[in-house]
There are 2 protein chains.
Amino acid sequence: MTTRFVTLTGRRASQTLADPMAEPKDNPLMEKIVSLCKRRGFIYQSSEIYGGINGFWDYGPLGAELKRNVKELWWRDMVQLRDDVVGLEATIIMHPEIWKASGHVDTFSDPMVDCKTCKGRFRADQTSEIPCPQKPSKMVSECHGEKTAPRAFNLMFRTYVGPVQDESAVAYLRPETAQAIFAQFKNVLETSRQRVPFGIAQIGKAFRNEVTPRNYTFRSREFEQMELEFFIKPDEVIEAIKGRVTPGAERDTRHSTLDTSSWGWEAWHKYWVEERIAFYESIGLPRTTLEEYWQKPEELAHYAKVCVDILFKFPFGTQELEGVAARSDFDLSQHERFSGKPMGVFDEELRAAWGKLDERKKAELSKRYYEARLKYLTKMSVEQTQAEKEAKEDADGLAKGQYIPHVIEPSAGVDRLMLALICHAYHEDQMPDEKGKMETRVVLKFHPRVAPIKVAVLPLLKNKPDLVRKAIEIRDALRPHMNVFYDDAGAIGRRYRRQDEAGTPFCVTIDFDTLGEKPELKDTVTVRYRDDGRQERMAISELLNWLLVKIR
Amino acid sequence: MTTRFVTLTGRRASQTLADPMAEPKDNPLMEKIVSLCKRRGFIYQSSEIYGGINGFWDYGPLGAELKRNVKELWWRDMVQLRDDVVGLEATIIMHPEIWKASGHVDTFSDPMVDCKTCKGRFRADQTSEIPCPQKPSKMVSECHGEKTAPRAFNLMFRTYVGPVQDESAVAYLRPETAQAIFAQFKNVLETSRQRVPFGIAQIGKAFRNEVTPRNYTFRSREFEQMELEFFIKPDEVIEAIKGRVTPGAERDTRHSTLDTSSWGWEAWHKYWVEERIAFYESIGLPRTTLEEYWQKPEELAHYAKVCVDILFKFPFGTQELEGVAARSDFDLSQHERFSGKPMGVFDEELRAAWGKLDERKKAELSKRYYEARLKYLTKMSVEQTQAEKEAKEDADGLAKGQYIPHVIEPSAGVDRLMLALICHAYHEDQMPDEKGKMETRVVLKFHPRVAPIKVAVLPLLKNKPDLVRKAIEIRDALRPHMNVFYDDAGAIGRRYRRQDEAGTPFCVTIDFDTLGEKPELKDTVTVRYRDDGRQERMAISELLNWLLVKIR
């Protein structure tokens, strides 16, 4: 069945997917997950004491640590471990013209109908699914209320900047982080030591005034994105410099010494799809839980060459975690048009190479670049003569080493990734309780990399000062290196169970043997594994290094 | 001279401070700092290609890393290295009732006058400083335009949530992160393993529609806060349990094994002031650059017992980095009143201790608690008979182990701390260039903990594959442990200078001796110190551990 949805990349498409259920309560597994998330302090409803606010969720102590880990791992992988990507942190409120250039002011909207009788407002494509507020036995489409024709309802949150609240002061909360990267492209290029190909990465909040937030935190009105815009040379430039463009299928993958100099957009796009899937695998989402969905030509935005959605099999359906799009030079071109500031780069290598091309090759590359630019300008409704003139100037620029970079955009959602990690980690199994009786255990089997707490340090008994002292010593030795939880309250079995529900991979127990009751066990502790409850004895002196390897 | 200003804690006060200058261009040192921040990619104007947007700033590649470090260090210090503080990450848009409870809807405003002639809107206390837009030779207060009486202009950004944009859908961008902590207090208490005293910490964006953003990034409309709400027992509870309250001046400080069980609000407040100053020292702001400002009684909000501003000596004046306030039980009480949900806690220790008190002591503590509650209720305009009834119930609750926790709030601004770090790090000195001629050098002497890049790895020459290969080997060995910058372009002296301006504490140079040209120097590198340009030779095998100690 066909449902419309907002992609993470801020563009809309129709796509054949299982219809996402409206609420977790329709799904017993999701109900359990939602309950655990509240009970253990991963996720709370925002403003819960005031009845909540639809589409907004808060992260409690464990959720906040999980989120920090997810963002930190993305940043390390995408920025700090690479020479060719730098970071940016831009504001949520930007100049409103940015959203005209990006197309969001004109097209980022849902068609809505108003009911003049009940004053309700409904998504035009959902009137046959939503009960009439006044007569719930009928759907909105069947009820007697007089409806308006569908009208566009923009999904950006509006506000006013400055003391006067009129139209000139309207600004928007960004619906995606990507546009700030395009708007600051030239500043970053000029102040970092980067040249194309290179990327700019950003993590930050974005806001969409969704008409129907749903699926727990999956579709929220306030959410966080992790976006990379990776700028590359147009294929015509690669061909001028290298004589050929490596076909997407032929490229070598995932080596630190890749020769990417002849990669065109197709090779770079496939590279990033694979990088991103490898990232998900590295934090505990096996490939079998993921699907690649290559958008069909009719689903693509007009400027996109290709877009791959990386989907995760949620309990409520297979849904998008991330989109990896080849967006051509659309975004930079739009900002050039709207700001009047040049967004092109100068490439000395291209200029030098161009001089050595034969006339036939020059003509061929110029023609292709001309046609691509003309296509863009025509789409943007530039008058024909003017468009031809500008496209010719752009094509002439090639010979001088000038072009507007193209971009590959891997765009991921932090909140939906967290939800995927929690759903995938959720397990119930049978384990003996203190008295050996089997009981059902709930456990979050997080990859240690993302687990909010890496290790719990537990003195066997609270009222034995020597045990407590030793446990605190161990806590303080581990703590500078990882997130440690210290707990001395309650039976040890119950403390293990709490850590199972928190997803803590390891528990360390300090007992009387640690203190030397059995001399051969002095200065050893019990390490308990979360996943199978197995325990082993380990020297305190080995503990830190052992843990560091496990959580790396 | 007296200037009104918004404190970071969201409350307003009059305070005697140097009048902050309007713009960096009035200050030659600030002008240089602003220029460096742009040139090296620390800070850009938001939406610069569209002419910018007043009061909004973006962080470029180096700024984004600096900001990450500052936030990470705060979080480690305040949350992860402590047993008694947990994190929270709440939404920016919350239920609007929260801002009624907090007082922001009613009182978080500036008085403004409108000019009916030019349609301008001006802060009422600045009309004699602002030129008339139509006749700039005169100030607004002197011009002929007909002015309205001053009217309150609320500083919160407004927006609408959901498809219908009417008054029922109004919501605000949070003007501070603190209120989310109060609203989620009970959820956190019930789902983390914490008991009073404990704290909840949060880092996140906040928004204030300042009429006059000024001093570069110091007073922005969009900014980030790091706030801790540390919940403590009321002094009456401490006295019931421990028999006495440790006076503020008497307490032991900064030991990991502090006995804090008899600390009242005064001791906790002083503790947090000292902790926070120690934090600033630990990231490179010496005590001599800071000032403590104890707000005068007439400057305090009515519910605050005391508030200390920690000030930094900026080039444009001595200004607030952080406020540490003792806020009594005002915030939780307000949310209890507005939400109808109980915010009190039950304390078994208190219940047990109360039973053992003599009647005189019980009466005395009850009376003091009653009076404090009555004072709060009266301030909140509760009708007298009702207020007395409620205060009596509250006082009776003490005997059953019930009370509303008080709170100490250290509230810091990320952006102004970054600006302080940059201003303090900025130095100009004389250093010889490649040819030995002295030249002026600009250097940012960041503490290695906060430096965006920890080490730069530089092969002496780019066109010698063996040098490059060795340098890449070293880069890849260091990179998993710290932020490394690899640079092979240009003369080595110029590369050092770029790192000086980036604030990189160490440069590592790979030269022919590294490759064994002098056999006794094989597998050694040159380590260059940023601050004095000093260089020393070090074995590659020692490099990682040496750096890890330096940047810790």
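Since the model is a prediction, treat every value here as computed from it, not as a measurement. Residue numbers begin at 1 in each chain, while the letters A, B, ... track the order of the sequences. Any value given below was found using the heavy atoms of this structure, including those in side chains, with hydrogens, waters and symmetry copies removed.
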Undergrad: Answer whether the closest heavy-atom distance between the side chains of A:Val79 and B:Glu65 falls below 4.5 Å.
TA: yes
Undergrad: Indicate the atoms forming the closest heavy-atom contact of A:Arg76 with B:Pro480, along with that distance.
TA: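 Closest heavy-atom pair between A:Arg76 and B:Pro480: NH1-O, 3.3 Å.
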Undergrad: Of the backbone (N, CA, C, O) and the side chain (C-beta and beyond), which part of B:Asp83 lies under 4.5 Å from a heavy atom of chain A, both, or neither?
TA: both
Undergrad: By a 4.5 Å heavy-atom criterion (distance strictly below it), what part of B:Ser46 contacts chain A: side chain, backbone, both, or neither?
TA: both
Undergrad: Among A:Ala489, A:Pro163, A:Ala90, A:Ala183, which has the most heavy-atom pairs under 4.5 Å with chain B?
TA: A:Pro163
Undergrad: Rounded to the nearest 0.5 Å, what separates atom OG1 in A:Thr159 from atom CZ in B:Phe207?
TA: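 It comes to 9.5 Å.
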Undergrad: Of the listed residues (A:Ile200, A:Ile92, A:Asn154, A:Val484), which shares the most heavy-atom pairs with chain B below a 4.5 Å separation?
TA: A:Ile92
Undergrad: Indicate yes or no: at least one non-hydrogen side-chain atom of A:Asp58 is less than 4.5 angstrom from one of B:Gln184.
TA: yes
Undergrad: Looking at CD of A:Gln80 and CG of B:Asn483, how far apart are the two atoms once the value is rounded to the nearest 0.5 Å?
TA: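 Reported value, rounded in 0.5 Å steps: 4.5 Å.
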Undergrad: Relative to chain B, which of A:Glu72, A:Arg479, A:Glu190 shows the most heavy atom pairs under 4.5 Å?
TA: A:Arg479
Undergrad: Under 4.5 Å heavy-atom distance to chain A, tell me which part of B:Trp57 shows up: side chain, backbone, both or neither.
TA: backbone
Undergrad: Counting neighbours of NZ on A:Lys341 that are heavy atoms of other residues, nucleotides or ligands and sit closer than 6.0 Å, is the number greater than 12?
TA: yes
Undergrad: Where does B:Met343 contact chain A at under 4.5 Å (heavy atoms): side chain, backbone, both or neither?
TA: side chain
Undergrad: Using non-hydrogen atoms and a 4.5 Å limit, figure out which bit of A:Ala180 sits close to chain B: side chain, backbone, both or neither.
TA: neither
Undergrad: Using non-hydrogen atoms only, which part of B:Ala201 is less than 4.5 Å away from chain A: side chain, backbone, both, or neither?
TA: neither
Undergrad: Roughly how far, to the nearest 0.5 Å, is the OG1 atom of A:Thr191 from the CZ atom of B:Arg40?
TA: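 Separation between the atoms: 8.5 Å.
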Undergrad: Heavy-atom distances under 4.5 Å only: say whether B:Met112 touches chain A with side chain, backbone, both or neither.
TA: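 Side chain of B:Met112 only, per the 4.5 Å heavy-atom cut-off to chain A.
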Undergrad: Do A:Asn187 and B:Lys38 have side chains that get closer than 4.5 Å, going by heavy atoms?
TA: yes
Undergrad: Go through the steps for B:Arg193 and A:Asp487 under the test side chain to side chain contact (heavy atoms under 4.5 Å, CB included), then give the verdict.
TA: CA-CA 8 Å; B:Arg193 313 244 321 131; A:Asp487 189 4; 3.3 Å; yes
Undergrad: When you check the gap from the basic side-chain N to the acidic O, do B:Arg121 and A:Asp166 get nearer than 4.0 Å?
TA: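 No salt bridge links B:Arg121 with A:Asp166.
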Undergrad: Indicate the atoms forming the closest heavy-atom contact of A:Ile98 with B:Ser47, along with that distance.
TA: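 Heavy-atom minimum between the residues: CD1-OG, 3.7 Å.
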Undergrad: Looking only at heavy atoms, what is the nearest atom pair of A:Leu88 and B:Gly60, with distance?
TA: CD1-CA, 4.1 Å
Undergrad: Where does B:Tyr160 contact chain A at under 4.5 Å (heavy atoms): side chain, backbone, both or neither?
TA: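 The backbone, not the side chain.
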Undergrad: Is atom CZ of A:Arg39 surrounded by more than 12 heavy atoms (other residues, nucleotides or ligands) closer than 6.0 Å?
TA: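 Yes, because the 6.0 Å sphere around CZ of A:Arg39 holds more than 12 heavy atoms from other groups.
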Undergrad: So which heavy atom on B:Gly87 is nearest to which on A:Ala64, and how close?
TA: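 Closest pair (atom of B:Gly87, atom of A:Ala64, distance): C-CB, 4.2 Å.
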Undergrad: Would you say that B:Glu89 contacts A:Leu66 through its side chain, given a criterion of any heavy-atom pair below 4.5 Å between the two side chains?
TA: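 A side-chain contact under 4.5 Å is absent here.
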Undergrad: At a 4.5 Å cut-off on heavy atoms, which part of B:Arg82 comes close to chain A: side chain, backbone, both, or neither?
TA: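 For B:Arg82, backbone heavy atoms alone lie under 4.5 Å from chain A.
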Undergrad: State which residues pass ring-ring contact (aromatic ring centres under 6.0 Å, His included) with B:Tyr50; sequence neighbours excluded, sorted by chain then number.
TA: A:His95, A:His335
Undergrad: Top residue by heavy-atom pair count (under 4.5 Å) with chain B, among A:Leu81, A:Val211, A:Val86?
TA: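 The residue among A:Leu81, A:Val211, A:Val86 with the greatest pair count is A:Leu81.
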Undergrad: Under a 4.5 Å cutoff for heavy-atom pairs, which residue among A:Phe122, A:Trp75, A:Phe42 has the most contacts with chain B?
TA: A:Trp75
Undergrad: Locate the shortest heavy-atom distance separating A:Gly162 from B:Asn209; write the atom from each residue and the value.
TA: N-OD1, 2.8 Å
Undergrad: Of the backbone (N, CA, C, O) and the side chain (C-beta and beyond), which part of B:Arg68 lies under 4.5 Å from a heavy atom of chain A, both, or neither?
TA: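 Only the side chain of B:Arg68 comes within 4.5 Å of chain A.
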Undergrad: Less than 4.5 Å apart, side chain to side chain, heavy atoms only: is that true for A:Lys205 and B:Lys205?
TA: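 In short, these two side chains do not touch, never coming nearer than 4.5 Å.
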Undergrad: When only pairs under 4.5 Å are counted, which of A:Phe56, A:Phe485, A:Tyr44 shares the most heavy-atom pairs with chain B?
TA: A:Tyr44
Undergrad: What distance do A:Thr91 atom OG1 and B:Gln45 atom CD have between them, rounded to the nearest 0.5 Å?
TA: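 Answer for the OG1-CD pair, A:Thr91 versus B:Gln45, is 10.5 Å.
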Undergrad: Any heavy-atom pair between the side chains of B:Ile93 and A:Leu173 that's under 4.5 Å?
TA: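 Heavy-atom side-chain distance check passes, below 4.5 Å.
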Undergrad: Contact part of A:Gln202 toward chain B, heavy-atom cut-off under 4.5 Å: side chain, backbone, both or neither?
TA: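 Nothing of A:Gln202, per the 4.5 Å heavy-atom cut-off to chain B.
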